Amino acid sequence: MDVQQWERLKQEIVRFMMTYKFAVEELRTKIEILRQEFHYIHDHNPIEQITCRVKSPESILQKARRKGVPLSLPAIRENIRDIAGVRIICAFVSDIYRVSEMLQKQSDLHIAECKDYIQNPKPNGYRSLHLIVQLPVFMSDHTEKVWAEIQIRTIAMDFWASLEHKLNYKYNYQIPEPLLNELRAAAESIAALDAKMEKINRQANHFKATLQTDDALQELWLNNQRYHLPKEFLSMLLNLDNSRE
Ligand code: 0O2
């Protein structure tokens with residue numbers, strides 16, 4: 001290969017990696033907008049944290065070899081779909097599905113696949129929701145359709161996945177059987193904890209809604225003394241209030 005060919009190849013690789021960098025930046029902005037809008041309008045923030053990464057060239061090559069993908073840029077571009085990765089951390093499992101729905105409604109995001117490892121955890125206990133998406137990245141002379149992976153998980157699921165990832169690194173993907181069993185058991189405890197936290201949050205929201213209704217009724221009562229609202233109307237509200245849980 002002569003110097004000019006080397007230069008061309010180098011430029012191609014730089015452009016290749018840059019499209020993924022732009023894709024994660026676009027995704028981060030999209031998700032940040034969702035987060036802020038949701039916070040202002042609904043007084044609740046379903047997104048605790050957003051992290052982004054572009055896979056390193058070494059890691060791309062390793063994955064290509066592992067999956068038998070030919071070592072050419074077009075083959076890697078089409079078959080390795082998590083070079084651009086965004087991770088969204090939520091407090092509650094219901095928030096994961098809420099965020100996923102919001103993303104699926106975005107017209108410029110093509111959702112090719114939704115891997116639900118929460119409903120169907122991996123045999124090792126791994127839980128997360130993965131969206132495989134394609135988004136347009138606008139370059140100076142053309143538009144590139146770029147694949148990316150969005151992982152959505154709870155804080156507890158993330159805690160488990162990062163420990164498991166570290167252990168895999170430490171044991172070169174040969175974690176000893178007793179540790180694997182411990183990890184599976186820990187994943188079950190984490191799922192139970194997530195379910196418990198979800199229940200507490202639901203009860204807290206219900207309690208808050210009840211308090212707000214009580215305030216509203218008290219205000220209505222005061223208004224009635226002033227405006228003399230029809231009795232039927234007041235008793236209907238009172239019945240509604242008695243029938244709540
Ligand atoms: P890294 O270093 O995090 O980037 P598939 O062909 O679809 O079965 P693929 O492409 O690996 O296989 O998809 P999958 O299973 O959805 O996994 C994609 C990414 O999810 C992984 O990327 C991890 O980030 C994460 N993940 C999947 N399974 C596990 C798991 O058991 N434990 C942990 N800690 N993370 C997991 P990479 O490239 O494997 O790794």
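As the structure lists them, so they are numbered: ligands from 1, and atoms in each ligand from 1. Nothing fancy with the numbering, it's 1 onward along the sequence. This is a predicted model, so every value here is computed, not measured.
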Check: Hey, does Trp147 have a side-chain heavy atom less than 4.5 Å from the side chain of Ile83?
Finding: no

- Check the side chains of Asn181 and Arg184 for a donor-acceptor pair under 3.5 angstrom, ignoring hydrogens and angles. yes

among protein heavy atoms, the one nearest atom 18 (C) of ligand 1 is Glu149 OE2, 3.4 Å

Of all protein heavy atoms, the one nearest atom 33 (C) of ligand 1 is Glu164 OE1, 3.3 Å

Within the 4.0 Å heavy-atom cut-off, what Asn124 brings close to ligand 1 is side chain

Decide whether Val14 and Val24 are clustered together by the hydrophobic rule: side chain heavy atoms of Ile, Leu, Val, Met, Phe, Trp, Tyr closer than 4.5 Å, transitively. yes

- Without hydrogens or angle criteria, can the side chains of Glu25 and Thr29 be said to hold a donor-acceptor pair below 3.5 Å? no

Notebook entry, point to check: Do the side chains of Met18 and Val137 join up, straight or via other hydrophobic residues, at under 4.5 Å, putting them in one cluster?
Noted result: yes

Going by the 4.0 angstrom heavy-atom rule, the piece of Glu113 near ligand 1 is neither

| Between Gln5 (side chain) and Asp2 (backbone), is there a donor-acceptor pair under 3.5 Å? | yes

Near Arg53 (heavy-atom distance under 4.0 Å), the atoms of ligand 1 are 4 (O)

In terms of its nearest heavy atom to atom 11 (O) of ligand 1, the top option of Lys67, Lys63, Arg153 is Lys63

closest protein heavy atom to atom 28 (N) of ligand 1 is Lys122 NZ, 3.0 Å

Among His165, Arg81, His130, Gln62, closest by heavy atom to atom 17 (O) of ligand 1 is His130

Closest to atom 36 (C) of ligand 1 among protein heavy atoms sits Tyr126 CE1, 3.4 Å

Query raised in the report: Hey, what's the ring geometry for Tyr126 with Trp160, parallel, tilted or perpendicular (30° and 60° as the breaks)?
Result: tilted

In ligand 1, the atoms that come under 4.0 Å of a heavy atom of Ala161 are 34 (N)

_Quick check against the 3.5 Å criterion: does Arg98 have a side-chain atom that pairs as donor or acceptor with the backbone of Val93?_
no

the protein heavy atom lying closest to atom 39 (O) of ligand 1 turns out to be Arg66 NH2, 3.9 Å

Ranked by distance from atom 7 (O) of ligand 1, the top protein heavy atom is Lys115 NZ, 2.5 Å

**Message:** So does His130 get a backbone contact from the side chain of Glu149, meaning a donor-acceptor N/O pair under 3.5 Å?
**Reply:** no

Margin query: Whether the side chain of Glu144 engages the backbone of Met139 through a donor-acceptor N/O pair (distance < 3.5 Å, no angle test) should be reported.
Written below: no

Lys55 heavy atoms within 4.0 Å reach ligand 1 at atoms 1 (P), 4 (O), 37 (P), 38 (O), 40 (O)

Heavy-atom proximity to atom 23 (C) of ligand 1 ranks first, among Met157, Lys166, Arg127, Gln151, for Gln151

Logged contact type for Asp82 with ligand 1, heavy-atom cut-off 4.0 Å, is side chain

